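Take a look at the structure set out below.
Throughout, protein chains are lettered first and strands after them, A, B, ... in sequence-line order, and every chain is numbered starting at 1. Computed from a predicted structure; not experimentally measured.
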Amino acid sequence: MALHIIKSAQAATIIEVENLIEEGDQVLLMEDGCYLYTLAAQKFTALQAMSDHMQSRGLSTKAAALNVELISMKQWALLTRAHRQILTW
Amino acid sequence: MALHIIKSAQAATIIEVENLIEEGDQVLLMEDGCYLYTLAAQKFTALQAMSDHMQSRGLSTKAAALNVELISMKQWALLTRAHRQILTW
Amino acid sequence: MAEQKLRYTLILTHSPSQLESNLSAQQLAVEILSAGDAIDRVFFYQDACFIGLNSQVPGQGLQASYQGWVDLQSEYEVPLQVCIANSLRRGVLDKAEAARYQMVDNIHPSFQLVGLGEIAEACQSSDRIITL
Amino acid sequence: MAEQKLRYTLILTHSPSQLESNLSAQQLAVEILSAGDAIDRVFFYQDACFIGLNSQVPGQGLQASYQGWVDLQSEYEVPLQVCIANSLRRGVLDKAEAARYQMVDNIHPSFQLVGLGEIAEACQSSDRIITL
Amino acid sequence: MTLIIISSPPTLDLETIELVLALAAFEQAPKLLLLGQGIHYASLLQQEKKAKGKSPSKVVSALPMYDCETVYIAAKGLAEQGLEPEDLQSFCQLVDDEQIKQLIKQSKHCVNF
Amino acid sequence: MTLIIISSPPTLDLETIELVLALAAFEQAPKLLLLGQGIHYASLLQQEKKAKGKSPSKVVSALPMYDCETVYIAAKGLAEQGLEPEDLQSFCQLVDDEQIKQLIKQSKHCVNF
């Protein structure tokens, strides 16, 4: 069960990750990857995004409306505990 | 008549430039933009690419087969003389 | 925490002023250490070598890009390792390298220049490697 | 050349080790000057400020990222201008700024730190501005 | 007239906007065109990304005071970025591809980020 | 096993490949997976991008000598990048998405560039 951290703002990254994702993998949007929340919400179930980064981009309300789960830095650290393979895109 | 220099390797850049291009504008691929020659050759007439950069990427023969014109640094300098607006993507 | 203590290596690759990677990594490191886990090393690679430049003059009220790391090191003794080959190429030098090339060192003294063997060690010994 | 002589400003924005922008810009500058046109200034912005770091130790047979510019300047007196605000933030200092902040200068002496007024001047006086 | 074109998202230190502000302060009356993810610079909801850093929305809101009175936004990009016109600073103007081509053609210089 | 994943095109100083070579030299037997534009690292025709710089194809060709015997290439990306199997180093192996998922799952660590 891998954790896929998407930091890139390139939409092509979402497609790349979509092809490689397995049942049980988790996708987390952070930094400029937050801008891809609309496309990512269509592609991934149980999508998470870094709350502080969504907030500073003014996207928290919009993302929450698409059921993107906003998580704290502490929860991020817990995610890195739970997933052995951590891939950053 | 603008000169559009494409240095980015992101395919999305080609689409962006395609939307903004005018009759008489010139498109030049250089650096990692060279990797986009196939898509660019479909979108732009009279496409040019920096010969040294295509060569160092091993793409000269393939690009020439698609009628991409390979130009020298000296010809690049002449292009910047000929075009008042120079946009770099 | 009843759980087993995990050991982390963080690898940074981006310069500090344009993207947020350096800040994200500092915040993650704080959470990892607060949770009782360990950080074997923070490894600065490619343009992240510039994070340690000692001569930064941040704007009023702002912090230099190395400050969060220096603070974490003084509290938790986290090794701050900078790839020596990448640093030399870019002009980021510690005292030893500066002496070797007859230049002046310019990296914050909390950072050390090391070889890529440290990443091999990370592959072997760390439970998690996170690239940011 | 019978054509009118053109005046150029080049703006660089990328760090030197990952992308080729710095090399492309140096090659373009050579062609512009050989053709008899003029370069009002080369302006180093954002991570391109690192190009001037004086302490680079390039690998055997290789050149420091500033070398091509230093050569062009000694032949053609091209002003090599580095954005002062961007440089201070990153820790790239000339003698004057180093003295002001009691640090050691670390930029090659062919480069000078300047304000953004130089870009305003470029907008006004240069015939071409090229961002690389 | 100098046209600054930004098509990448706001950076940590807002150096691209600083350049626009400087040109405006030196009375160059620059025009700013935001494309794609660059449009987020004009979002009213953008906030600072580091402690005590500058807020993009505040920095951009200063542009009209320096005579950079209109910020042009590629209309097509707005929806793609998940933004609504009411998310943007009041002095923004939506433009289509034809208008963007005119802006480029009328400019003396273009500077892209 | 550490899996190095490169999805961006070759850089001027080849630092990503240096990391793979170092892991191999320290007997970590890293596996290298190239995706998208990262596939160009395996092209036999890549040459040095600066005077006296290293040639990517030469640096990559050294991998098998250090016990990094297979370089995995995302088959889907090959055509997208305009490359043919015969453009690649002989020790490359084309893999599909399912095989890539297995490579990730079997790795202890993943490092992406």
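Residue-level contacts of residues 4-22 of chain B with chain F, in order of numbering, are B:Ala9; threshold 4.5 Å between heavy atoms.
Contacts of B:Leu36 with chain F are made by side-chain atoms alone, with heavy-atom separations under 4.5 Å and no backbone atom involved. Of the atoms belonging to F:Gln46, heavy atoms from both backbone and side chain fall under 4.5 Å from chain B. Both the backbone and the side chain of B:Gln55 come within contact range of chain F, each with at least one heavy atom under 4.5 Å from a heavy atom of that chain.
Counting heavy atoms from C-beta outward, B:Asp32 and F:Gln37 have side chains that stay 4.5 Å or more apart. Two residues are said to be in side-chain contact when any heavy atoms from C-beta on lie closer than 4.5 Å; F:Glu80 and B:Thr38 fail this criterion. Proximity of F:Lys49 to B:Glu31: side-chain heavy atoms (C-beta onward) are nowhere separated by under 4.5 Å.
For the residue pair B:Tyr35 and F:Pro10, the shortest heavy atom distance occurs at OH-CD, 3.4 Å.
For F:Lys54, the NZ atom sits in a loose shell: 12 or fewer heavy atoms of surrounding residues, nucleotides or ligands are nearer than 6.0 Å. Counting heavy atoms of neighbouring residues, nucleotides and ligands inside a 6.0 Å radius, atom NZ of B:Lys74 does not exceed 12 of them. The number of heavy atoms from other shown groups lying within 6.0 Å of CD (F:Glu27) does not exceed 12.
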Give every donor-acceptor pair under 3.5 Å between a side-chain atom in residues 58-70 of chain F and any protein atom, sequence neighbours left out.
unit_1	atom_1	unit_2	atom_2	d
F:Ser61	OG	F:Ser57	O	3.4
F:Ser61	OG	F:Lys58	O	2.7

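With rounding to the nearest 0.5 Å, the separation of CD in F:Gln47 from OG in B:Ser60 is 8.0 Å.
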